[in-house]
Amino acid sequence: RQLPAERTAQGYNYYINLTYSPLLDFPALNADLSFVTHLNLTGSTVDATALNRLLAIFPQLRSLTLRECALGQLPEAVDRLTQLTELDLTLCDLTLDQALIDRLGRLPNLAVLSVSGNNLGPIATSSGFDRLQQLNLAGLALPHWPLWASRLPSLRTLNLYNTRLR
């Protein structure tokens with residue numbers, strides 16, 4: 001059975017919503033879900049192992065929402081989602097530091113990134129992010145202006161709400 005679809009210039013968008021679902025024991029699937037373009041796991045109970053297994057069956061994702069998933073660290077499977085244009089990591093208990101920025105910068109099509117409400121570590125520079133247009137840093141305890149973000153070549157929107165900047 002096909003999922004509800006939305007026609008776009010690039011073809012169809014197919015969505016799966018597994019919000020607030022317990023996914024720790026999510027069974028391995030032998031399904032071809034490479035046609036799914038948007039996956040929303042907001043508030044789902046999931047760890048890196050389960051998420052790596054789950055994301056492997058969605059290789060063509062263009063949008064991934066992991067909002068409120070308490071990940072602690074970004075699963076390696078996200079690195080392989082090279083078609084991603086939107087990634088929402090809001091309130092995932094991540095530490096946004098140089099290592100994480102370097103990993104996210106290697107996602108070649110990323111245009112929208114939200115890391116709001118996470119922890120902040122040291123970041124000296126950013127590389128990659130050639131297509132990043134929107135960056136949400138809301139709720140991060142920024143000690144000073146994020147110069148690395150100011151240097152993103154395609155950035156149009158930078159959300160710094162509630163960052164304690166003075």
**Any Phe129 side-chain heavy atom under 4.5 Å of Leu155 side chain** = no
**Prompt:** Under 3.5 Å, is there a donor-acceptor pair between the side chain of Asn109 and the main chain of Thr82?
**Reply:** yes
**Asked** Does any N or O in the side chain of Arg67 come within less than 3.5 Å of the main-chain N or O of Ser114, such that one atom is a donor and the other an acceptor?
**Response** no
**Asked** Considering only heavy atoms from C-beta outward, does the side chain of Asp93 approach that of Cys69 to under 4.5 Å?
**Response** no
**Message:** To the nearest 0.5 Å, what is the distance between CD on Gln134 and CZ on Arg156?
**Reply:** 9.5 Å
**Message:** Before you tell me yes or no, could you show the steps for Thr49 and Asp47 under side-chain hydrogen bond (donor to acceptor under 3.5 Å, both in side chains), namely the whole-Å CA-CA distance, both residues' side-chain angles and the distance that decides it to 0.1 Å?
**Reply:** CA-CA 6 Å; Thr49 302; Asp47 62 9; 4.6 Å; no
**Asked** Does the Asn17 side chain pair with the main chain of Thr19, one donor and one acceptor, at a distance under 3.5 Å?
**Response** no
**Message:** Please give me the minimum heavy-atom distance between Leu104 and Leu74, naming the atom from each residue.
**Reply:** CD2-CD2, 3.8 Å
**Fill in**
Per side-chain contact (heavy atoms from CB on, under 4.5 Å), Thr45 is matched among Asp25, Leu24, Leu23 by Leu24
**same_hphob_cluster(Leu135, Tyr161) at 4.5 Å side-chain heavy-atom cutoff** = no
**Message:** Ignoring hydrogens, what is the shortest heavy-atom contact between Phe35 and Tyr14? Give both atom names and the distance.
**Reply:** O-CD1, 3.5 Å
**Item:** Identified side-chain hydrogen bond (donor to acceptor under 3.5 Å, both in side chains) counterpart of Ser116 within the set Thr163, Asn162, Thr90
**Value:** Thr90
**Message:** Within this structure, what is the CG-CD1 distance for the pair Leu100 and Ile123, rounded to the nearest 0.5 Å?
**Reply:** 8.0 Å
**Message:** Counting C-beta onward and ignoring hydrogens, is there a side-chain heavy-atom pair between Leu81 and Phe58 closer than 4.5 Å?
**Reply:** no
**Request:** For Arg131, look at atom CZ and say whether over 12 heavy atoms of other residues, nucleotides or ligands are found less than 6.0 Å away.
**Result:** no
**Asked** If you take all heavy atoms of Leu84 and Val78, which pair is closest and at what distance?
**Response** CD1-CG1, 4.4 Å
**Prompt:** Which one of Leu158, Leu120, Asn159 satisfies the side-chain contact (heavy atoms from CB on, under 4.5 Å) criterion with Leu137?
**Reply:** Leu158
**Request:** Find out if a path of hydrophobic residues (ILVMFWY) with successive side-chain heavy-atom gaps under 4.5 Å connects Leu91 to Leu41.
**Result:** no
**Message:** For Thr37 versus Tyr12, what's the shortest heavy-atom pair and its separation?
**Reply:** CG2-O, 4.0 Å
**Fill in**
Taken to the nearest 0.5 Å, the spacing of Leu110 CG from Asp130 CG works out to 11.0 Å
**Asked** Charged N to carboxylate O below 4.0 Å: is that the case for Asp79 and Arg106?
**Response** no
**Message:** Has Ser34 got a side-chain atom pairing as donor or acceptor with Ile57's backbone, closer than 3.5 angstrom?
**Reply:** no
**Message:** To check you understand the geometry: which heavy-atom pair defines the closest contact between Leu51 and Ala77, and what is its length?
**Reply:** O-CB, 4.5 Å
**Request:** Keeping the roles fixed (side chain from Asn118, backbone from Leu89), state whether a donor-acceptor pair exists under 3.5 Å.
**Result:** yes
**Asked** With side chains defined as the heavy atoms from C-beta onward, is the minimum distance between Leu64 and Leu55 less than 4.5 Å?
**Response** yes
**Asked** Do the side chains of Leu66 and Val46 get nearer than 4.5 Å, heavy atoms only?
**Response** no
**Shortest non-hydrogen separation from Ser44 to Tyr20 and the atoms involved** = OG-N, 3.5 Å
**Asn119 side, atom CG; Asp97 side, atom CG - distance, nearest 0.5 Å** = 10.0 Å
**Close side-chain approach of Thr125 to Gln98, heavy-atom, < 4.5 Å** = yes
**Request:** In sequence, state the C-alpha distance, the side-chain angles, and the governing distance for Leu94 and Leu71, and then conclude on side chain to side chain contact (heavy atoms under 4.5 Å, CB included).
**Result:** CA-CA 7 Å; Leu94 298 171; Leu71 297 173; 4.2 Å; yes
**Prompt:** Any side-chain heavy-atom pair from Asn40 and Tyr15 closer than 4.5 angstrom?
**Reply:** no
**Asked** Is it true that Leu147 and Leu96 fall in one hydrophobic cluster, defined by side-chain heavy atoms closer than 4.5 Å?
**Response** yes
**Message:** Go through it in stages, so that I can follow the logic: the residues are Asp88 and Val112, the test is side chain to side chain contact (heavy atoms under 4.5 Å, CB included), and I'd like the CA-CA distance, side-chain angles, deciding distance and then a yes or no.
**Reply:** CA-CA 8 Å; Asp88 187 347; Val112 178; over 6 Å; no
**Message:** Could you tell me if the side chain of Glu76 sits less than 4.5 Å from the side chain of Asn52, heavy atoms only?
**Reply:** yes
